[in-house]
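When reading the values below, keep in mind they use all heavy atoms of this one structure, side chains included, and skip hydrogens, waters and symmetry mates.
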Amino acid sequence: MDFANRVLDIIRAVPPGQVVTYGQVAALAGYPHRARQVGQALRNCAQDVPWHRVLGAGGSVRVDPPQKQLELLNGEGVLTQTGRISLKKYQWLPGPLNFL
DNA sequence: CCGATGACTCACG
DNA sequence: CCGTGAGCCATCG
């Protein structure tokens, strides 16, 4: 399993109404320095991966234009006030039993 | 091999 | 809050 696929699997595990950051996903995949590669993996992701739940550090949307992603998030109950999203409220904290 | 690029991040002014 | 610059690293021409 290469880095890209591990990233996609992790993102597939993010529940609706919650979000993760590029850096966080990279770290969970085992490569803390590869937030950029997470972005690249999402560039050609399959349709079953909830790419909209992935945000930049601090809860910012890095996709341009951002409106599509913001809509999807809103549809899941993630409020997007001032273009920023509160990681405090919505960031996904992986439980101990997720991956082995 | 080299240089440019980019859905990143952090530190500084 | 915004711009800059520096690390970072796979991918592409």
Which residues share a salt bridge (charged side-chain N to carboxylate O under 4.0 Å, His left out) with A:R53, sequence neighbours left out: A:E76
Sidechain-backbone polar pair: A:Q69 side chain, A:V54 backbone, donor-acceptor under 3.5 Å: yes
Donor-acceptor contact below 3.5 Å, side chain A:Q24 vs main chain A:W92: yes
Sugar-phosphate only, base, or nothing, as touched by A:R43 at under 4.0 Å among non-hydrogen atoms: base
Base-contact (B) and sugar-phosphate-only (S) positions in nucleotides 8-13 of chain B, heavy-atom cut-off under 4.0 Å, - elsewhere: BBS---
Can you tell me how far [atom2] of [N] sits from [atom1] of [X], to the nearest Å?
X	N	atom1	atom2	answer
A:I11	B:dA7	CD1	C1'	10 Å
A:F3	C:dC9	CZ	P	11 Å
A:H33	B:dG6	NE2	C1'	19 Å

Pairs touching residues 11-31 of chain A that satisfy salt bridge (charged side-chain N to carboxylate O under 4.0 Å, His left out), sequence neighbours left out: A:D9-A:R12, A:R12-A:D48
Cation-pi geometry met for A:R34 and A:F3 (6.0 Å, 45°): yes
Nearest-nucleotide 5' precedence on DNA chain C, A:R84 against A:R34: A:R84
Check: A:I11 and A:L42 side chains under 4.5 Å, non-hydrogen atoms: yes
